[in-house]
Amino acid sequence: MEESRNFIEVIIDEELSEGGRCEGQRLHTRFPPEPNGYLHIGHCKAMVINFGLAEQYNGLCNLRMDDTNPEKEEHEYVEAIQEDIHWLGYDWGDRFYFGSDYFEQTYLYAEELIKKGLAYVCELGAEELSKYRGDTQTPAVSPYRERDKEESLDLFRRMRAGEFPEEKYTLRAKIDLASGNFNMRDPVLYRIRYVEHHRQKNKWCIFPMYDFAHPIQDAIEGITHSLCSLEYEDHRPLYDWVIDNVSVPHRPRQIEFARLGMSYTVMSKRRLRRLVEEGYVSDWDDPRMPTLCGLRRRGYTPESIKSFCKRIGVTKVNNVIEYSFLEHCLREDLNEKAERVMAVLKPIKLTIRNYPEGKSELFDIENNPVDESAGTRKVSFSKNLWIEADDFMEEPIKRYNRLYIGNEVRLKGAYIVKCVDFNKNEAGIVEEVICDYDPESRGGNASDGRKIRGTIHWVNAADSIDAEVRIYSNLFLKPEPEASDKDFVESINPDSLEIIENAKLERSLKDAKPGESFQFLRMGYFTPDLDSSSEKLIFNRSVALKDSFKPK
RNA sequence: UGGGAUGUAGUGUAACGGUAACACACCAGACUUUGACUCUGAUAUUGUAGGUUCGAGCCCUGCCAUCCCAGCCA
């Protein structure tokens, strides 16, 4: 079966084949994050497209820090971004670049435009400029448009030399003041900024705009296909104009695709930054965040995220993917790889009436039911166990096949027990369930072959770890109506972090390593993470199954 | 009301002009050493109105809806 191709693959196939625009060339893409925040799940889609396509076509994908605006970018993010990309499983080889490394060349191309009479130095201030821009009906006005080439060149050089204050001058492209596309109404190419650049320091006081810098950067690097999100569609004519009018060595083509939208969460860096800065979360890597580092701490595997990004497809349709699909992709990956252990979150006692006092035995329990090679582990068992509170019901509901008086249940990997009694505390809450065990059912199989409908997990009371467990889910936000930037924080669900104080864990969890994933039987998956300050085990539930929170 | 783009189940993605398919979600059932996993089944007048055609999700025309754009941000 031939797999269907997305629209970008169709274009690439066409252009790479005989007679195509890129005949004989190797596919070359780039991933160009702006170093002003951490990478999130939305960037993963872009990475899977850019790096993934390069892999698929035996091409190349560069990593480029898009750092043309000195006011917003910080070096802090550069390393984190690289780390996250590597964690996801992609590599840029030796092709790691900074847009700012091309400032000199970009500057020269600007001079070229001026010399060709295609750019001029404008004297309109920011406010004036917007006044002169016109509206949908009225063309823009640009009083400095006919400035002499030589004069513009002189002024531009003096701009670079630092002779003028910010906002005094800009360099503008001479394109079309009447265009319905406002990006073409003589867009600003360079602005003056006396701000230290994270990398160039104080070498420059003029900085190119994205619209001028990006096509040039792509062309210098020999990018064949510059893939970006839909909001740049209106900028493509300008992208092409730059490529057409400046003597760059290559002719990249910009193709736009819809960015990833996800239900119940925010993706804009502005908003994510606010969550961090205003203390709604501990940091960018808070497990509730949709950032790569946050997802990582919540137990997501890189494979699951890549699989998700591949399966959501690439189109130009604005989309909102249901969060449960991401969870599905994780579950699918973890189901094969994660070793299971037992842990009881809301414990009640289970006492086995006819099991000898003081006796203890070890059971070999499989680490992964879908992967025999994961082996088994020894789990101790005795008369007194902890079980999950909701594995017992005083008045069973229909189809309930766990513990209630008279019913038989299998203790996972151990024995079959029959519920004979229970005790409540003063508050009337069940705190102990009494059972008799079937000594002939060691390992969980009935000697007479009778069917046991229910199986529950348990922890040996004499050999358990008391732990505080933190269950994180995605920081769910109420879906529609779309909250405004200002008050979106009000829609945060406080239940996205649940702290459980008296969980009882299987002994084997003592040596759990951060980042390891475990299936929390019947309820979901979690990843233990060692919090060294409290010396308590902290669990991040990576996904929830049936009990997943969903706002109404 | 200027420019650019997009409309296929609840969600996302498919479908040389020829029986609208797949995944997630949901519901129903089977299986199961956890109710998980696995399996089976159910779910659509392809935004809308016309036109071309033996035949239209696909081609043509009008309409409607939604998204993006008037930063010296990216």
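First the proteins, then the strands, lettered A, B, ... as listed; each starts at 1.
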- [ ] Report yes or no: is the cationic atom of A:R160 (NZ for Lys, CZ for Arg) under 6.0 Å from the centre of the six-membered ring of A:Y107, at an angle within 45° of the ring normal?
- [x] yes

- [ ] To the nearest 0.5 Å, tell me how far A:I305 CD1 sits from A:M47 CE.
- [x] 9.0 Å

TODO: Could you check how far CD of A:E256 sits from C1' of B:C67, rounded to whole Å?
DONE: 14 Å

Open item on the list: Name the residue from A:K412, A:R402, A:K346, A:R410 that meets the salt bridge (Lys or Arg N to Asp or Glu O under 4.0 Å) definition with A:D391.
Closed with: A:R402

Task: Nearest-angstrom distance, P atom, B:A42 to B:G35 - done: 25 Å

Open item on the list: I want to verify the glycosidic state of B:G71; is it syn or anti under the 90° rule?
Closed with: syn

Task: Span that lies between the C1' atom of B:C69 and that of B:U48, in whole angstrom - done: 27 Å

Task: Length of the line joining A:N367:CG and B:U33:P, which is rounded to integer Å - done: 19 Å

Task: Whole-Å P distance, B:A20 and B:G62 - done: 29 Å

Task: Between B:G4 (C1') and A:R185 (CZ): distance, integer Å - done: 14 Å

- [ ] Return the value, rounded to whole Å, for the distance between atom CG of A:N335 and atom P of B:U32.
- [x] 18 Å

- [ ] Using the ring of A:F207 (Phe, Tyr or Trp, six-membered ring only), decide whether A:R193 places NZ or CZ under 6.0 Å from its centre and within 45 degrees of its axis.
- [x] no

Task: C1'-based separation of B:A30 from B:A14 [nearest Å] - done: 30 Å

Task: Geometric cation-pi criterion A:R271 and A:F488, 6.0 Å radius, 45° cone - done: yes

TODO: Using a 4.5 Å cut-off on heavy atoms from C-beta on, say whether the side chain of A:F164 contacts that of A:L155.
DONE: yes

TODO: Working to the nearest 0.5 Å, report the span between CD1 of A:I312 and CE of A:M262.
DONE: 8.5 Å

Task: Audit row: A:I81, A:H43, side-chain contact (heavy atoms from CB on, under 4.5 Å) steps and yes/no - done: CA-CA 10 Å; A:I81 288 171; A:H43 291 105; over 6 Å; no

Task: Nearest-Å distance for atom pair CZ/C1', residues A:R331 and B:A25 - done: 10 Å

- [ ] Could you tell me the separation between the CD atom of A:Q254 and the P atom of B:A5, rounded to a whole number of Å?
- [x] 12 Å

Task: Test item: A:I456 and A:E388 side chains (from C-beta on) under 4.5 Å apart, heavy atoms - done: no

- [ ] State the CZ-OH distance between A:F363 and A:Y415, to the nearest 0.5 angstrom.
- [x] 4.0 Å

- [ ] Just call it for A:V409: base, sugar-phosphate, or nothing, with non-hydrogen atoms closer than 4.0 Å on any strand.
- [x] nothing

Open item on the list: Could you tell me how far B:A23 sits from B:U61 if I compare only their C1' atoms? Round to whole Å.
Closed with: 36 Å

Open item on the list: Please report the distance, rounded to the nearest Å, between OH in A:Y415 and C1' in B:U33.
Closed with: 15 Å

Open item on the list: Strictly under 4.0 angstrom, non-hydrogen atoms only: write out the protein contact profile of nucleotides 13-21 of chain B, one letter per nucleotide from the 5' end, B, S or -.
Closed with: SS-------

Open item on the list: For a quick check, with a 4.0 angstrom heavy-atom cut-off, what is the B/S/- contact string for nucleotides 68-74 of chain B, read 5' to 3'?
Closed with: BSSSBBB

Task: Atom P, compared across B:G41 and B:C24: separation rounded to whole Å - done: 14 Å

TODO: Write down the distance separating the P atoms in B:U32 and B:A36, rounded off to the nearest Å.
DONE: 14 Å

Task: Dot-bracket notation for RNA chain B, counting Watson-Crick and G-U pairs under 3.5 Å, with | for partners on another strand - done: .((((((..((((....[..))))..((((.......)))).....(((((..]....))))))))))).....

TODO: Check the distance between B:G12's P and A:F308's CZ and give it to me in whole angstrom.
DONE: 12 Å

Task: Whole-angstrom distance between B:C16 and B:A21, as gauged at atom P - done: 14 Å

- [ ] Answer with yes or no whether A:R453 presents, from its side chain, a donor or acceptor under 3.5 Å of a partner atom in the base of B:G35.
- [x] no

- [ ] Give a yes or no on whether a donor-acceptor pair under 3.5 Å exists between the nucleobase atoms of B:G10, that is its base, and the side chain of A:E322.
- [x] yes

Open item on the list: Between A:Y239 and A:Y232, is the ring centroid distance below 6.0 Å?
Closed with: no

Open item on the list: By the 4.0 Å heavy-atom rule, please label A:G454 as base, sugar-phosphate, or nothing.
Closed with: nothing

Open item on the list: I need the A:L362 CG to A:K378 NZ distance, nearest 0.5 Å.
Closed with: 6.5 Å

Task: Verdict with reasoning, A:D186 to A:Y120, per side chain to side chain donor-acceptor pair (under 3.5 Å) - done: CA-CA 9 Å; A:D186 286 14; A:Y120 58 94; 2.5 Å; yes

TODO: Indicate, with a heavy-atom threshold strictly under 4.0 Å, whether A:N445 touches base, sugar-phosphate, or nothing.
DONE: base

